[in-house]
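Heads up, the thing below is written out as structure tokens.
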There are 2 protein chains.
Amino acid sequence: MTKNSVEPNALSERAQHLLKVLIEHYIRDGQPVGSRLLAKESRLDLSPASVRNVMADLEELGLVTAPHTSAGRVPTVQGYRLFVDSLITVKPVEGPAVEDLAKTLKAGFDPNRVVKTASHWLSAMTQMAGVVMYPRRDRTSLRHVEFLRLSERRVLVILVTNDQEVQNRIIECKREYSASELEQAANYLTKSFVGHDLQEVRETIVEEMRRAKEDMDRIMRTALEMGERALADEPRGDDYALSGETNLMTFSELADMERLRNLFESFHQKNEILHLLDQCLNAARTNIFIGNESGYGPLDECSVVTTPYRVDDRVVGVLGVIGPTRMQYEKVIPIVDITAKLLGAALKPR
Amino acid sequence: MTKNSVEPNALSERAQHLLKVLIEHYIRDGQPVGSRLLAKESRLDLSPASVRNVMADLEELGLVTAPHTSAGRVPTVQGYRLFVDSLITVKPVEGPAVEDLAKTLKAGFDPNRVVKTASHWLSAMTQMAGVVMYPRRDRTSLRHVEFLRLSERRVLVILVTNDQEVQNRIIECKREYSASELEQAANYLTKSFVGHDLQEVRETIVEEMRRAKEDMDRIMRTALEMGERALADEPRGDDYALSGETNLMTFSELADMERLRNLFESFHQKNEILHLLDQCLNAARTNIFIGNESGYGPLDECSVVTTPYRVDDRVVGVLGVIGPTRMQYEKVIPIVDITAKLLGAALKPR
DNA sequence: CTCTGGCACTCCAATTACCTGAGTGCCAAG
DNA sequence: CTTGGCACTCAGGTAATTGGAGTGCCAGAG
């Protein structure tokens, strides 16, 4: 999948084990790990010298690297890659907090709030940044339309969709509409299009308008005109919910102000991150970008663990965690997974 | 106003001038300023030695302090206080950007968006953090009510208020209501209470319910019950809009990670900051908290410049800027002032 | 062929020492 | 009151020193 990756079977059993122990240790305390320590830790009853030989091999393969001549080794991106792909042993996520989340999510009405809760939980559990893409609603179907006259030419549109979401928009009209005109228009639209996809509704309306331009009664025309304007440009609001960015400040590898500032700035910009998340929408399983694998500068020292979440077996969004490359993958992965499962369940329309 | 402040007339003309020049210089480049430099800068044709004598006086009064024996002087909180209260000469804020803001604000419909725009502008203009409290709407009057049945016992409430704001709430009911029941209830409520204050409406309803408990027709009862629940607990959403927090990362006096983290965390918590802003609601004029004057730990190295904004001569909110104590007050103050004026104008109901 | 102890070598990081420049306080003379 | 002079202080930078951790490689043992 990733170019330049190393096949696990190119490594001896022993090398794999040592790499695993090394990475686990490095993740724990962030210091380069040397041969003496590794020999003890590995429980393989090897001397430091033998370990050194193995390390030399691993270095040649590009799985570890030494910051300088006489320091221990640290994992490279490829090292982490191999680790998360084939060596990792994930720990199941512990009990009570999970049930709490399940309950809280179930109790929520507003999908936006539910998403935010999930994002907060991710950040709280991992002590890193949690991010949840809002469920996409391109197949959102209409449930109710309401028009309300605000002033001469300004009309408030209230759209209720089947996933219990409410959208308000204000549109500026070309001419003035009376209250009763608007009411009739709303009634017509609601009656005709309930249960239909928003996009589809708009297309139908546009089509209708073109076909029968002249011979329409006043009500029909009003309804179509208003409907067309109301559905015009779907203003996607925020695209994802991010929580716990500030957690990232505690990681020494991100301590450089400039770097951190870029990172935060890019969280605000959203586009790049969103693009990254979009990539993960298609992936069926949990996805991990390590270090520069994301191909996006500010995330160079970070890893991103994402997984899609489903409602009724249909993928509707992505959620995950952003943290330093040196993160506890074996804990984070199951946390992300369970969150996806619970969020999906909570969003199921009732 | 502030305890422990120093009367300006306790200082000679010369001392005041020197203090002013010192603070202006320190604000410019953040270095302690020494006597030689100050003697030149002040254009008073004094020798450094004389300046030193004055500095000793100022230090005794607690207006300046020396970080160590042989460094120049830096202003203390009291020094800044005196400076902003009586020495400062504000520069009027420059043209084109202001007109841009005026235009953008005028064009906005949704008050929430308008507030966010103002906040962004503050942050962009000052390169610090901009914060705008949402206009309070306790005297918000009702314009339209709508009930919509989502499922057996869940009803969506849509409240439109006179300031063109729309609130959606979902309430869980004790018994099931039919669609027509809800419609009648909404009609009744709208008809009876349009133009009344929300709080007042709720009180009237509760009163009504107590008075005539039994002898009510079904519609009335439904209307009152629903109305009472709908207005129950006003869920104030976000309380203020904050922009440009990340700008604060570039200030060396806030460079310490731990401090910065606390600051950001407290932005997320909101309560404390909100309390601070609330204090300023009553102040008629522009208000400045310098350093620890806010009495709130994370803001110790920061100053907060706020001013209330008015709609139709009634104060409805507060906005301002948060930045390092060493900020360019003479620029920031007019920026904050003009923003308040423009925001107030833009929020005037049309 | 694999493992191990030994040894020389390297490099970082922390400590120490030293120096310079900026600035002060005080004093005595103008 | 102002000023120049002088001794003193201190932060911050540069350079030298040292100790420790760890490596690579080799030769000998299993």
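Throughout, protein chains are lettered first and strands after them, A, B, ... in sequence-line order, and every chain is numbered starting at 1.
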message: Distance under 4.0 Å to a non-hydrogen atom of chain B counts as contact; along DNA chain D, which nucleotides mark the start and end?
response: D/dT2 to D/dA11

Within the structure shown, what part of the strands sits under 4.0 Å from [X] by heavy-atom distance: base, sugar-phosphate, or nothing?
X       : result
B/Ser70 : base
B/Ala71 : sugar-phosphate
A/Thr69 : sugar-phosphate

- line: Ordered by number, residues from residues 27-43 of chain A within less than 4.0 Å of DNA chain D (heavy atoms) are A/Gly34, A/Ser35

field: Closest listed nucleotide, where the reference is the side chain of A/Arg52 and the choices are C/dC11, C/dG6, C/dG5
entry: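 My answer, after comparing the listed nucleotides, is C/dG6.
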
Examine distances only and state if a side-chain atom of [X] and a backbone atom of [Y] form a donor-acceptor pair shorter than 3.5 Å.
X        : Y        : value
A/Thr307 : A/Asp337 : no
A/Thr325 : A/Glu301 : yes
A/Arg326 : A/Ile27  : yes

- prompt: Taking five pairs at each end of the helix from C/dC1-D/dG30 to C/dG30-D/dC1, what angle separates the two helix axes (nearest 10°)?
  reply: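 Comparing the first five pairs with the last five, the axes sit 20° apart.
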
statement: Whichever of B/His68 and B/Asn53 has the more 5' nearest nucleotide on DNA chain D, that residue is B/Asn53

query: Quick one: on DNA chain D, does A/Gly72 or B/Leu46 contact a more 5' nucleotide (nearest heavy atom)?
result: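 Closest to the 5' end, via its nearest nucleotide, is B/Leu46.
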
query: Roughly how many Å is it from CZ in A/Arg14 to C1' in C/dT4, rounded to a whole number?
result: 12 Å

- prompt: Looking at side-chain heavy atoms only, is the closest gap between B/Met125 and B/Val321 below 4.5 Å?
  reply: no

message: Using a 6.0 Å cut-off, check whether atom CG of B/Asp45 has over 12 heavy atoms from anything other than its own residue.
response: no

Mutual orientation of the aromatic rings belonging to A/Tyr80 and A/Tyr26 [parallel < 30°, tilted 30-60°, perpendicular > 60°]: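 Taking A/Tyr26 first and then A/Tyr80, their aromatic rings sit tilted (interplane angle of 30° to 60°).
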
